[in-house]
Amino acid sequence: MLEKEMIQSRGFKNVSQGGKIIGFQVPIRSLYYRGVWLSQLRAATVKVDGEKFEGAQITWTISGKTYAQADLAKYSDVNWPLYEPAILTINKPGGLKLGNHEVEASYAYSASYMPPSMDLGFPASAKRKMVLAG
Amino acid sequence: MEISRKQFLKVTAAAAASAAIGSPGIKAATTGKPKRGVSIYSYSGELYVTMTLEDCMADMYGMDARGIEILANGHIEGYPNPSDAWVKNWHALCAKYNIVPVEYGHWVDSRMHEGRELTTKESYDTLVRDLKLANRLGFTVARTKLGVIDNTLTPVKNWREFIKMAIPEAKKLNVRMCPEIHSPTRLKSKMLDDYVDFIEKEKTTPWFGLNIDFGVFLNKPTAAMQAQMKGMGGTMTAGDKVEDIVPLLPYVHACHAKFVNMSDDFVETTTPYDEIIATLIKHNWDGYMLSEYEGSNKDVPGYSSDQLRKQHVLMKRLLGEA
């Protein structure tokens, strides 16, 4: 089962490669009532304690496959299901310090049944106090 | 319902005439009355957080609500290619909870690609992929949500082309494609005229018809709804007259029993359910009314379920089931 909040605590951690911490990951679940195709997503922004990350600093991992934000538009055949968090991995050598952090995440998505003038007008956005423990 | 609009008007006119002269010999053909069901959309504040899909189906069982609507892109694990094991389990759950797959909610996402609309062929392909999956899961109605091009929700320009192309598949798969007529669209409007003209001209019944969302009849918005509209710079428009649905009924294959606020004494305070259900019974409409809870506190555990249970008590009473 998922946590109620958009930003999930389970899975919030630093990420290592070759024995070095290269960044951290923030899992988010979709609060929308249906899944979306990756091409309907628009790039996410993450802020931790006021420090902003965006664009190529962030990748999306869905169902075990990782996508650059710039490539999301190409994947109109890959679905982000409601029951699975997307893992946002943020490139930050050294990662985050253990302890308390205020984490914010936002992204927009296109819905074809909304008037074009209102499309992308309801971005998903959330802020949560989190504890980094690993 | 495979009679044309003209035949339907003739039948209702004849029934009215016989009622007027008090003839005891002529009875309107009775085909039954509306049936009850639930759209799993109602549980969207709890699904995958405090409830599984099976929990939702078990909850429906407690209301004797037999018809189900799922949202394909949301409630089917592995969509659009669920495993055989998932499909087998789906059918087992329907049998376990005495549930009939009624409506399969899906989208033709015209703006799936940034900066351009889907071509007619692409729209057809996505539509048929969903019709096939609907059939595999046992559904007989598809709520075919079309992309829109303006603020009154006018559908994409090429809808007629890809719907026409898909009719033979819909027929083969026994699935009726129905766009949802949803507020602020009005039942008396150019959009409905266009749909009805298409249905009659192309003789699409029953493979292309309509799903009417009862939200079009909402005429007493809650204070929260009024405040929200005001905040968005708008005002609530008056709801349609319930009788406006009557000429459309021959084309209506399912309804969304949209509701916002059930009181503790089993009244829906925003929408005239008594009049709506009396009208459907009077005109022998025997499709499924699928509950869509659109009120507050959807993410409060148990709240949506309580609202659904109250609404089904109301509907049972109005249908003479209680």
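All chains are named by letter (A, B, ...) in the order of the sequence lines, taking the proteins before the strands, and each is independently numbered beginning at 1.
Using a 4.5 Å cut-off between heavy atoms, Tyr79(B) contacts chain A through both its backbone and its side chain. Residue Glu117(B): no heavy atom, backbone or side chain, is found under 4.5 Å from chain A. Proximity to chain A involves both the backbone and the side chain of Thr52(B), based on heavy atoms less than 4.5 angstrom apart. Residue Leu71(B) touches chain A through its side chain alone, counting heavy-atom pairs closer than 4.5 Å. With a 4.5 Å cut-off on non-hydrogen atoms, Asp150(B) touches chain A through its backbone but not through its side chain.
Atom NZ of Lys47(A) sits in a sparse spot, with 12 or fewer heavy atoms from other residues, nucleotides or ligands closer than 6.0 Å. Other residues, nucleotides and ligands place no more than 12 heavy atoms under 6.0 Å from the CD atom of Gln228(B). Shown here is Lys298(B), whose NZ atom has more than 12 heavy atoms of other residues, nucleotides or ligands within 6.0 Å.
Heavy-atom pairs under 4.5 Å with chain B were tallied for Arg29(A), Arg42(A), Glu3(A); the largest tally goes to Arg42(A). Comparing Gly74(B), Pro155(B), Gly105(B) by heavy-atom pairs within less than 4.5 Å of chain A, the highest count is held by Gly74(B).
Ring orientation note: the planes of Tyr41(B) and Tyr33(A) are nearly perpendicular, at an angle over 60° on the 30°/60° scale.
By the 4.5 Å heavy-atom criterion applied to side chains, Trp37(A) and Asp109(B) are counted as neighbours. Annotation: side chain of Ser30(A) is not in contact with side chain of Tyr48(B) (no heavy-atom distance under 4.5 Å).
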- Message: Using the rule given for side-chain contact (heavy atoms from CB on, under 4.5 Å), can you reason through Arg34(A) versus His75(B), listing the C-alpha separation, both sets of side-chain angles and the distance that settles it, and then say yes or no?
- Response: CA-CA 8 Å; Arg34(A) 63 170 186 146; His75(B) 305 155; over 6 Å; no

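Residues from residues 117-134 of chain A that place a non-hydrogen atom less than 4.5 Å from a non-hydrogen atom of chain B comprise Ser117(A), Asp119(A), given in numerical order. Contact annotation for residues 66-95 of chain A against chain B (heavy-atom separation below 4.5 Å, listed by residue number): Ser76(A), Asn79(A), Leu82(A), Tyr83(A).
Taking NZ of Lys4(A) as the reference point, atom CG of Asp299(B) lies at 4.0 Å (rounded to 0.5 Å). A distance of 7.5 Å separates CG in Asn73(B) from CD in Gln40(A), rounded to the nearest 0.5 Å. Separation of atoms NZ (Lys145(B)) and OG (Ser112(A)) is listed at 11.5 Å; rounding is to 0.5 Å.
In plain terms, the two heavy atoms of Arg111(B) and Met114(A) that are nearest each other are NH2-O, 2.6 Å.
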